[in-house]
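Below is one structure, written out as structure tokens; comments come after it.
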Amino acid sequence: MFNIVFFAALRETLDCGQLNWQSEARSIAGLIQELRAQGENWDSALARPDLLCARNQQLCTPDEAITAGDEIAFFPPVTGG
């Protein structure tokens, strides 16, 4: 079971801030593929090439290995002005 957190525009687009997800995925990329299969909205939101992710509050790349109990966060790039 993974605790998955969505921030900023992703949270709004998916209408979901957090979910517990049962998965056999061994990487964040695998988790993304599972989540994208949940529907068109999920597919388009998580297909962004600039999607950022973190594992246990540490920025990482989608090829990061994951284990049950991890917290995985997804968020868009931060912009400022």
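Every heavy atom of this structure was used, including side-chain atoms; hydrogens, water molecules and symmetry mates were not.
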I need the [X] [atom1] to [Y] [atom2] distance, nearest 0.5 Å.
{"X": "Glu71", "Y": "Ile66", "atom1": "CD", "atom2": "CD1", "value": "12.5 Å"}
{"X": "Ile28", "Y": "Ile72", "atom1": "CD1", "atom2": "CD1", "value": "4.5 Å"}
{"X": "Gln33", "Y": "Ser23", "atom1": "CD", "atom2": "OG", "value": "11.5 Å"}
{"X": "Asn56", "Y": "Asp70", "atom1": "CG", "atom2": "CG", "value": "4.5 Å"}
{"X": "Ile4", "Y": "Phe74", "atom1": "CD1", "atom2": "CZ", "value": "6.0 Å"}
{"X": "Leu35", "Y": "Trp21", "atom1": "CG", "atom2": "CH2", "value": "5.0 Å"}

In terms of relative ring orientation, are Phe7 and Phe75 parallel, tilted or perpendicular, with 30° and 60° separating the classes? perpendicular
Look only at the side chain of Asp15 and the backbone of Glu12, and say whether a donor-acceptor pair between them is shorter than 3.5 Å. no
Heavy-atom donor-acceptor pair, Asp43 side chain to Gln38 backbone, under 3.5 Å: no
Minimum heavy-atom separation for [X] to [Y], with atom names?
{"X": "Glu34", "Y": "Gln22", "value": "OE1-O, 4.4 Å"}
{"X": "Glu64", "Y": "Arg55", "value": "OE2-NH1, 3.4 Å"}
{"X": "Cys53", "Y": "Pro62", "value": "SG-N, 3.9 Å"}
{"X": "Arg11", "Y": "Gly17", "value": "CG-CA, 3.6 Å"}
{"X": "Leu10", "Y": "Ala45", "value": "CD2-O, 3.5 Å"}
{"X": "Ile32", "Y": "Leu51", "value": "CD1-CD2, 4.1 Å"}

Please examine the side chains of Pro77 and Arg48, heavy atoms only from C-beta on, and report whether any two atoms are closer than 4.5 Å. yes
Linking I/L/V/M/F/W/Y whenever any side-chain heavy atoms sit under 4.5 Å apart, do Phe2 and Leu52 land together? no
